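Just so we're on the same page: letters track the sequence lines, and every chain starts at 1. Heavy atoms only: backbone and side chains are in, while hydrogens, waters and symmetry mates are out. Model, not experiment: these values are computed from the prediction.
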Amino acid sequence: VPRKRKCALRAVGVGLLLCGGGIYGSRFRFTFTGSRALSPWRVGVQGRRCEMSTMFADTLLIVFISVCTALLAEGITWVLVYRTDKYKRLKAEVEKQSKKLEKKKETITESAGRQQKKKIERQEEKLKNNNRDLSMVRMKSMFAIGFCFTALMGMFNSIFDGRVVAKLPFTPLSYIQGLSHRNLLGDDTTDCSFIFLYILCTMSIRQNIQKILGLAPSRAATKQAGGFLGPPPPSGKFS
Amino acid sequence: MSGGRRKEEPPQPQLANGALKVSVWSKVLRSDAAWEDKDEFLDVIYWFRQIIAVVLGVIWGVLPLRGFLGIAGFCLINAGVLYLYFSNYLQIDEEEYGGTWELTKEGFMTSFALFMVCVADSFTTGTVHFMSPL
């Protein structure tokens, strides 16, 4: 065995020994003779530290739960919707039509002929129908996900009921406190409940997972169907 | 029309609907890069916002920066940094992408939610360390 490899193996062995010894030794508490009993203040501090460590573990757990539920939702949607031929065909059609319509709207001017405007209106109508069909196809998975998540949320709510899972560095607005301080004891409004953190995690993680997996709808299709900050663009705007 | 100089580049392949290939990131820091595909550029803006949200969330939680000043600071820095990036560094024509507002709101709500998660997690972590035994 080459010398360097022997040294590396020896280092790994020593490291494992130390770790094992450390884990074993942490079971014992050594006190010096004549040491004083812990003061009530220190007992309180250590009790509080234990509570905060649990809170930190809860925070990580909720992020992990959020990732798992997002993957579960996408998995269910893939099984029921994404892999079907009808969905693939409709999606390709909607994306093609959206891009075509967008390009046409960019090039057309206010003084364009009536025929061209009518053509755009017909294309918008066709796109709207395809979008509606696409939404109907996705409805299946929405029911399944809704059913699963109702059961899961019931379970998680009972597990985390009354537990402060995180501390917020700010006091939420009064109408959000109903969510952020849900079922928590005390008046400290910087305490965060499970449901608030879970909603924030889902809002951020689910969309990022969809983008990473390439399952997010295209921007053109989203724009034509209506985005978060506004209604769909008005049809027939050139008439 | 954009005032920046553009070199012609072969079209870069892109994964569907939001995931980016490694080759796209090699264009990100080059001010003379050409962005033929609008979606590709918007995806870069989107992921930059997420990275800023994570970084600022961790820093804000560790400092900690309390109150709505922290949230307002995040919104300003997030919007400002990206604006400087695409307007001054890349010198793109915002009208090609629907205007400054479209570029500003690209991925903003998702990054805000991610920032809130990171700030809550890092603030809670910071509080745990503060309470370590004396």
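- For the residue pair S111(B)/Q50(B), the side-chain donor-acceptor check at 3.5 Å is not satisfied.
- Neither the backbone nor the side chain of C192(A) comes within contact range of chain B; no heavy atom of the residue lies under 4.5 Å from a heavy atom of that chain.
- Heavy-atom distances place both the backbone and the side chain of L42(B) under 4.5 Å from chain A.
- Counting heavy-atom pairs closer than 4.5 Å to chain A, the top residue among G67(B), G107(B), G70(B) is G67(B).
- A donor-acceptor pair under 3.5 Å is absent between the side-chain atoms of W60(B) and the main chain of V119(B), judged by distance alone.
- Between Y87(A) and Y82(A), a ring centre-to-centre spacing shorter than 6.0 Å is recorded.
- Annotation: D85(A), atom CG; neighbour count of heavy atoms from other residues, nucleotides and ligands within 6.0 Å does not exceed 12.
- Using a distance-only test at 3.5 Å, with no hydrogens or angles considered, a donor-acceptor pair links the side chain of R49(B) to the main chain of E106(B).
- For Y46(B), the part sitting under 4.5 Å from any heavy atom of chain A is the side chain, from C-beta outward, and nothing else.
- Separating the CG atom in L65(B) from the CZ atom in F170(A) is a distance of 12.0 Å, to the nearest 0.5 Å.
- When every heavy atom of V54(B) is checked against every heavy atom of C118(B), the shortest pair comes out as CA-SG, 3.9 Å.
- When the heavy atoms of residues 58-67 of chain A are compared with those of chain B, the residues falling under 4.5 Å are T59(A), V63(A), listed by number.
- Without hydrogens or angle criteria, T124(B) side chain to K167(A) main chain gives a donor-acceptor distance under 3.5 Å.
- For the 3.5 Å distance criterion, the side chains of Q97(A) and Q123(A) fail to qualify, holding no donor opposite an acceptor.
- One distance of note links CD of Q177(A) with OG1 of T171(A); it measures 7.0 Å at 0.5 Å rounding.
- Within 6.0 Å of atom CE in M136(A), 12 or fewer heavy atoms from other residues, nucleotides or ligands are found, so the atom counts as exposed in its surroundings.
- Of residues 74-87 of chain B, not one residue has a non-hydrogen atom less than 4.5 Å from any non-hydrogen atom of chain A.
- Using a 4.0 Å cut-off between charged nitrogen and carboxylate oxygen, K86(A) and D133(A) do not count as a salt-bridge pair.
- Of all the listed residues (P169(A), S204(A), A166(A)), the one sharing the greatest number of non-hydrogen pairs under 4.5 Å with chain B is P169(A).
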